[in-house]
Amino acid sequence: MQVFHTGAEWQTNWLKSLQNGKTIGFVPTMGALHEGHLDLVKKSKKECDFTVVSIFVNPTQFNNPEDFAKYPTSLEPDLKKLEEEGTDFVFLPDTSTIYPEKPVLTLNFGELEYVLEGGFRPGHFNGVGIVVSKLFHIIKPDKAFFGQKDLQQVAVIKRLVRDLSFNLDLVIVPTRREIDGLAMSSRNLRLNPDERSQALILYSSLTKAKGELLAGKSWLDVHNQIIQDFNETPLAKLEYFELVHPEHFTQFETFDPLQKSSICVAAFLGSVRLIDNLPIIP
Ligand code: PAF
């Protein structure tokens with residue numbers, strides 16, 4: 001008889017040997033898949049024996065009903081792309097599988113709830129935390145793969161894994177960009193041609209700010225200049241452009257080259273909200 005004392009010991013030493021020691025990589029998505037998602041799948045295939053991808057547009061993480069209603073879906077092309085990547089399993093739950101009833105549990109991620117995405121999208125991280133926890137419980141992956149484009153989501157999920165003792169490794173994959181620099185996002189599909197061309201301001205403002213900070217300009221001056229650039233871009237409406245610690249999301253008033261920092265930006269192009277970020281000091 002074997003005695004074990006921790007969930008990790010059970011899952012790593014025993015459950016896995018019952019599964020013949022094969023490792024499971026998991027890529028949670030909301031579909032409308034692009035190359036950025038496929039990078040996650042490629043990475044999982046490289047690092048794990050089996051790759052499971054979920055496609056589920058999670059209603060509880062949308063604070064804006066219009067954003068949920070208009071979220072792009074493309075199931076057939078998605079399945080084709082996943083097949084071509086050699087994905088082993090696709091999990092396509094319906095809403096009642098994930099939410100047999102409305103959860104009463106709410107998750108609060110402390111400071112992360114009040115800054116940037118947390119502040120502008122109240123309840124968003126609760127929805128992400130709940131669905132990701134459910135997916136982790138269902139799939140029981142060894143590794144889960146997330147994109148760096150959603151930097152604050154990465155911080156939230158790291159916290160979730162630590163606080164709820166999920167026995168898995170998180171693998172964070174760099175942001176995939178279009179040739180002109182726009183970060184790939186399923187929401188880009190909703191941009192009209194004018195919005196698409198003006199959406200470049202997200203990435204160009206990040207690279208401009210990074211260059212100027214590293215050249216010695218103050219954050220205040222850089223920030224003011226970027227606000228002006230957005231004001232001169234008629235289809236763009238800036239929500240935030242902030243210098244933060246990439247894990248705790250403390251907002252910095254000044255730039256310190258000895259301190260880890262990233263710039264995060266969120267802006268509307270017409271009615272489409274996009275986010276992006278760039279490490280300044282990784
Ligand atoms: O990043 C996303 O696509 C979603 O937030 C996730 C992690 C799949 C949860 O619904």
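We count ligands from 1, going down the list as the structure has it; atoms in each ligand are counted the same way.
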So what's ligand 1 close to, N/O to N/O, under 3.5 Å?
{"from": "ligand 1", "atom 1": "1 (O)", "to": "Q153", "atom 2": "NE2", "distance (Å)": "2.9"}
{"from": "ligand 1", "atom 1": "5 (O)", "to": "Q61", "atom 2": "NE2", "distance (Å)": "2.9"}
{"from": "ligand 1", "atom 1": "5 (O)", "to": "Q153", "atom 2": "OE1", "distance (Å)": "2.7"}
{"from": "ligand 1", "atom 1": "10 (O)", "to": "Q61", "atom 2": "OE1", "distance (Å)": "2.6"}

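- For F120 and Y240, the distance between ring centers is under 6.0 angstrom.
- Qualifying side chain to side chain donor-acceptor pair (under 3.5 Å) partners for N63, counting only residues two or more places apart in sequence or in other chains: R121.
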What donor-acceptor contacts under 3.5 angstrom involve side-chain atoms of residues 248-259, with partners at least two apart or in another chain?
{"from": "Q251", "atom 1": "NE2", "to": "E242", "atom 2": "OE1", "distance (Å)": "3.3"}
{"from": "D256", "atom 1": "OD1", "to": "L258", "atom 2": "N", "distance (Å)": "2.8"}

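- Neither side chain, N277 nor S262, offers a donor N or O lying under 3.5 Å from an acceptor on the other.
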Enumerate donor-acceptor pairs with a distance under 3.5 Å from any side-chain N or O in residues 200-219 to protein atoms, sequence neighbours excluded.
{"from": "S204", "atom 1": "OG", "to": "L200", "atom 2": "O", "distance (Å)": "3.2"}
{"from": "S204", "atom 1": "OG", "to": "I201", "atom 2": "O", "distance (Å)": "3.4"}
{"from": "S205", "atom 1": "OG", "to": "I201", "atom 2": "O", "distance (Å)": "2.8"}
{"from": "S205", "atom 1": "OG", "to": "L202", "atom 2": "O", "distance (Å)": "2.8"}
{"from": "T207", "atom 1": "OG1", "to": "Y203", "atom 2": "O", "distance (Å)": "3.2"}
{"from": "T207", "atom 1": "OG1", "to": "S204", "atom 2": "O", "distance (Å)": "3.1"}
{"from": "K208", "atom 1": "NZ", "to": "D229", "atom 2": "OD2", "distance (Å)": "2.7"}
{"from": "K210", "atom 1": "NZ", "to": "P279", "atom 2": "O", "distance (Å)": "3.2"}
{"from": "S218", "atom 1": "OG", "to": "D221", "atom 2": "N", "distance (Å)": "3.1"}
{"from": "S218", "atom 1": "OG", "to": "D221", "atom 2": "OD2", "distance (Å)": "3.4"}

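- Side-chain atoms of Q61 and N58 form a donor-acceptor pair, as typed in the model, at a separation below 3.5 Å.
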